Amino acid sequence: MFLIFGLRTSVRRSGVVAMVCPNCGNHAAQVITKRSTRFSVFFVPLIPIRTRYVRQCSFCGAEYVVPKHEARHLPVG
């Protein structure tokens, strides 16, 4: 019997918000992405393992993890 399993991460862009970056201090666009990792068997994603929301500065590239409740209430434009 041959069993193929693993983890698959999908990245989905939620939107862009203009904020001041804590790393560089510039007022720049911050890209909000949702990254969800799922356990897959035979290339079919079955069980969600982890879901994170990440904010990335378009000026310096620094990434920050954003809590779920905060990511849903950001004024995305």
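Because the structure is predicted, anything quoted here is derived from the model rather than measured. Basis for what follows: all heavy atoms, side chains included, without hydrogens, waters or symmetry-related copies.
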| When rounded to the nearest 0.5 angstrom, what is the spacing between CZ in Arg12 and NZ in Lys34? | 4.5 Å
| request: Report the distance from atom NE2 of His73 to atom NZ of Lys68, rounding to the nearest 0.5 Å. | output: 10.5 Å
| task | Indicate, with yes or no, if Val41 and Ile49 share a hydrophobic cluster defined by side-chain heavy-atom contacts under 4.5 Å among Ile, Leu, Val, Met, Phe, Trp and Tyr. | result | yes
| task | Kindly work out whether a path of hydrophobic side-chain contacts (I/L/V/M/F/W/Y, heavy atoms less than 4.5 Å apart) joins Ile32 to Met19. | result | yes
Kindly check if the number of other-residue, nucleotide or ligand heavy atoms within 6.0 Å of [atom1] ([X]) is above 12?
| X | atom1 | value |
| --- | --- | --- |
| Tyr64 | OH | yes |
| Phe43 | CZ | no |
| Phe5 | CZ | no |

Looking at every non-hydrogen atom in both residues, tell me the closest pair between [X] and [Y] and how far apart they are.
| X | Y | answer |
| --- | --- | --- |
| Gln30 | Cys21 | NE2-CB, 3.8 Å |
| Val11 | Thr33 | CG1-CB, 4.2 Å |
| Pro48 | Arg38 | CA-CG, 3.9 Å |
| Val20 | Gly25 | CG1-O, 3.9 Å |
| Leu7 | Ser40 | N-OG, 4.4 Å |

| task | Could you give me the CA-CA distance, side-chain angles and deciding distance for Glu63 and Gln56, then say whether side-chain contact (heavy atoms from CB on, under 4.5 Å) is met? | result | CA-CA 4 Å; Glu63 291 186 348; Gln56 183 178 15; 3.8 Å; yes
| Step by step, would you call Tyr53 with Val65 a side-chain contact (heavy atoms from CB on, under 4.5 Å)? | CA-CA 6 Å; Tyr53 289 89; Val65 177; over 6 Å; no
| field | Short side-chain to backbone donor-acceptor contact, Ser58 and Ala29, under 3.5 Å | value | yes
